[in-house]
Amino acid sequence: MKITKANGKIEYELIESLKRRAGEADKSIVDVVSSIIKGVKDNGDDAVREYNVRFDGFVPKKTVVEKNELQAYLNQVDEEFKSAIINAKNNIYDFHLRQAQQSWMTTKENGVIMGQRVRGLHRVGLYVPGGTAAYPSTVLMNAIPAKIAGVKELIMVTPAGKDGNPNPNIMAAAAVAGVDKVFMVGGAQAVAALAYGTETIPKVDKIVGPGNIFVATAKKLLYGVVDIDMIAGPSEILIVADKTADPAFLAADLMSQAEHDRLASAILLTTSDSIAKQTLNEIEKQIKGLERHEIIRDSLNNYGEIIVCENLEQALHFANELAPEHLELCICEPLKYIGKVDNAGSVFLGNWSPEPLGDYYAGPNHVLPTNGTARFFSPLSVESFIKKSSFIYYTSAELRRSKDDIIKLAETEGLTAHANSIKVRFE
């Protein structure tokens, strides 16, 4: 991981290199996933079982976990973990409850009534990775806002462990979050089953949740058949630090994202040469005790950078250009600068608000836009799980008063049948 000086050029070369790392999926992967999707669409459960055996080497001992069975898994996990996920659930619920939207209606003096209906999607599918990448926090972050939105049925798919059994930590989180049913299947075949439905797995309206390149490709290919949350790229963190920051904290936070993936990016922008050097030393000191040190080294060497900026304004300008998934402001008086941040998935203010606080516990969602898409995408929220429809009621008298304007607009666009729909009512 190298230290460089901001010069108005090197920063933007870095942005371009980061964009390239999250390019299109290899054609061979697209071909494989397309074949799996077609197989599941045509052959349903038989195809799902076949792909499970082909890719996992077995069919799970238990293929479905009903809602009433999920509670039993809470007794299989240790009490500290159980307490942690319940406390996290409460924080996440409290934050997302404030995002809930209400239907509304307005009545005008002329008798016109207009409004908007807001309601939850009927059925949503939640993909949760299994095996070595089993993340209970993913269950909480995806399921809780869906339930607040009023989703009637939340179906989870997740691969079984190597022993053929469900991961108890994942199941316990599902129980806490209110998941309705779990199917023990993973990979692109699980995504396809949710999109089209099979004899046992119901068709859903939307699929959310992270996965490997095959899962991500399946979601992308099936967008339009169903809705999806987003096309997530490699994880990323950008830290803006001044001379008041603690290098040990900065090093730890950079590596907390680098351990996700060899393609993850971890960047530090600082106004202090001394902080830059000390952070590099801290990385070397701390990395030795971390389990995923090889992944962290590869990530930092290939997509990590420490850039020394002239001032905070320059650093924040670059941050808005990069539009990172996670942005930490480890600076004096961070609240003073929140208004200058336009593009970021989630912002962490001050030295005591590290990124893992948001990943697990604080309440805001950890499903965030990546690869610069924070310029126009938002975090997963209650709104991600609702649909809206508007309604209009006009009286005869009010339509008569408006008819000439409507007819004129329709005829100007050459849509005479539109105009006729109005005219015929007053002939």
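Panel note: side chain Lys206, backbone Ser384; a donor-acceptor pair is recorded below 3.5 Å. At distances below 3.5 Å, not a single donor-acceptor pair connects side-chain atoms of Thr373 with backbone N or O atoms of Pro369. Between the side chain of Ser299 and the backbone N or O of Ile296 there is no donor-acceptor pair closer than 3.5 Å. A side-chain donor-acceptor contact under 3.5 Å links Asp229 to the backbone of Gly209. Side-chain N or O atoms of Glu236 include one that pairs as donor or acceptor with a backbone N or O of Glu325 at under 3.5 Å. A donor-acceptor pair is defined here as one N or O able to donate and one able to accept, closer than 3.5 Å; such a pair exists between the side chain of Asn311 and the backbone of Gln314. A donor-acceptor pair is defined here as one N or O able to donate and one able to accept, closer than 3.5 Å; no such pair exists between the side chain of Asn371 and the backbone of Pro234. Side-chain N or O atoms of Arg123 include none that pairs as donor or acceptor with a backbone N or O of Pro202 at under 3.5 Å. Between the side chain of Arg262 and the backbone N or O of Asp298 there is no donor-acceptor pair closer than 3.5 Å. Listed for the Asn169 side chain is no donor-acceptor partner under 3.5 Å among the backbone atoms of Ala172.
Side-chain atoms of Gln257 and Glu355 form a donor-acceptor pair, as typed in the model, at a separation below 3.5 Å. With hydrogens and angles left out, the side-chain atoms of Thr63 and Arg49 include no donor and acceptor closer than 3.5 Å. For the residue pair Thr200 and Asp45, a side-chain donor N or O sits within less than 3.5 Å of a side-chain acceptor on the partner. A donor-acceptor contact under 3.5 angstrom links the side chains of Ser28 and Asp26, judged on distance only. Between Ser83 and Glu79, the side chains place no donor N or O within less than 3.5 Å of an acceptor N or O (distance only, hydrogens not considered).
Smallest separation of non-hydrogen atoms from Asn365 and Leu380: CB-O, 3.2 Å. Shortest non-hydrogen contact noted between Pro247 and Ala245 is CD-O, 3.5 Å. Here the shortest heavy-atom pairing between Ala241 and Leu268 reads CB-CD1, 3.9 Å. Considering all non-hydrogen atoms of both residues, Ala188 and Phe214 come closest at CB-O, 3.9 Å. Nearest heavy atoms, Pro168 versus Gln76: CB-OE1, 3.9 Å. Heavy-atom minimum distance, Asn320 versus Lys340: ND2-O, 3.0 Å.
A salt bridge is absent between Arg375 and Glu321: the closest approach of a Lys/Arg side-chain nitrogen to an acidic carboxylate oxygen does not fall below 4.0 angstrom. Remark: Lys5 does not engage Glu310 in a salt bridge, criterion side-chain N to carboxylate O under 4.0 Å. Salt bridge present: Asp180 and Lys67 bring a charged side-chain N and a carboxylate O closer than 4.0 Å. Between Lys38 and Asp42 there is a salt bridge, with a side-chain nitrogen of the basic residue lying less than 4.0 Å from a carboxylate oxygen of the acidic one. A salt bridge does not link Lys277 with Asp273: every distance from a Lys NZ or Arg NE/NH1/NH2 to an Asp or Glu carboxylate oxygen is 4.0 Å or more. Ionic pairing of Glu282 and Lys285 is present here: one or more N-O contacts between side-chain nitrogen and carboxylate oxygen are shorter than 4.0 angstrom.
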Notebook entry, point to check: How far apart are the C-alpha atoms of Gln189 and Val185, what are their side-chain angles, what is the distance that settles it, and do they pass the side chain to side chain contact (heavy atoms under 4.5 Å, CB included) test?
Noted result: CA-CA 8 Å; Gln189 64 269 29; Val185 57; 3.9 Å; yes
Next item on the list: May I have the step-by-step check of side chain to side chain contact (heavy atoms under 4.5 Å, CB included) for Leu327 and Val240, ending in yes or no?
Entry: CA-CA 8 Å; Leu327 173 63; Val240 175; 4.0 Å; yes
Next item on the list: Quick one: do Asn142 and Tyr127 satisfy side chain to side chain contact (heavy atoms under 4.5 Å, CB included)? Show the steps, please.
Entry: CA-CA 9 Å; Asn142 285 272; Tyr127 188 96; over 6 Å; no
Next item on the list: Start with the C-alpha distance between Lys2 and Thr4, add both sets of side-chain angles, then the distance that settles side chain to side chain contact (heavy atoms under 4.5 Å, CB included), and finish with yes or no.
Entry: CA-CA 6 Å; Lys2 62 182 185 295; Thr4 57; 4.0 Å; yes
Next item on the list: Check the pair Asp31 / Lys27 against salt bridge (Lys or Arg N to Asp or Glu O under 4.0 Å), numbers first and verdict last.
Entry: CA-CA 6 Å; Asp31 289 345; Lys27 184 180 182 301; 2.9 Å; yes
Next item on the list: Determine, step by step, whether Glu69 and Lys181 satisfy the salt bridge (Lys or Arg N to Asp or Glu O under 4.0 Å) criterion, reporting the C-alpha distance in whole Å, the side-chain angles of both residues, the deciding distance to 0.1 Å, and the verdict.
Entry: CA-CA 9 Å; Glu69 300 176 272; Lys181 186 178 288 190; over 6 Å; no
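For OH of Tyr51, the number of neighbouring non-hydrogen atoms (other residues, nucleotides, ligands) closer than 6.0 Å is greater than 12. The environment of OH in Tyr393 is sparse: at most 12 heavy-atom neighbours from other residues, nucleotides or ligands sit within 6.0 Å.
When the side chain to side chain contact (heavy atoms under 4.5 Å, CB included) test is applied to Trp104, the partners found at least two apart in sequence or on another chain are Thr106, Gln116. Shown here are the ring pair (Phe, Tyr, Trp, His ring centres under 6.0 Å) partners of Tyr361, two or more places apart in sequence or in another chain: there are none.
Tested against Ile92 for a side-chain contact (heavy atoms from CB on, under 4.5 Å), the candidates Leu97, Asn87, Ile144 yield a single pass: Ile144.
Between Met255 and Gln286, some side-chain heavy-atom pair lies under the 4.5 Å cut-off. Using a 4.5 Å heavy-atom cutoff, the side chains of Leu126 and Ile155 are not in contact. At a threshold of 4.5 Å between non-hydrogen side-chain atoms, the residues Val124 and Met156 do not count as touching. Between Ile231 and Tyr223 there is no side-chain heavy-atom pair separated by less than 4.5 Å. The shortest side-chain heavy-atom distance between Val157 and Val128 does not fall under the 4.5 Å cut-off. With a 4.5 Å cut-off on side-chain heavy atoms, Met230 and Ile228 do not count as touching. Asn90 places none of its side-chain heavy atoms less than 4.5 Å from the side chain of Asp94. By the 4.5 Å heavy-atom criterion applied to side chains, Arg297 and Ile287 are counted as neighbours.
Atom CD of Glu11 sits about 5.5 Å away from atom CD1 of Ile307, to the nearest 0.5 Å. Interatomic distance, Ser381 OG to Phe95 CZ, rounded to the nearest 0.5 Å: 9.0 Å. Atoms SG and CG, from Cys330 and Leu269 in turn, are 11.5 Å apart once rounded to the nearest 0.5 Å. If you take OG on Ser389 and CZ on Arg117, they are separated by 5.5 Å, rounding to the nearest 0.5 Å. The OG atom of Ser34 sits 9.0 Å away from the CD1 atom of Ile36 when rounded to the nearest 0.5 Å. Distance check, rounded to the nearest 0.5 Å: OG1 of Thr244 to CD1 of Ile275 gives 7.5 Å.
The ring-ring contact (aromatic ring centres under 6.0 Å, His included) pairs that include a residue from residues 298-330 number zero, where partners must be two or more places apart or lie in different chains.
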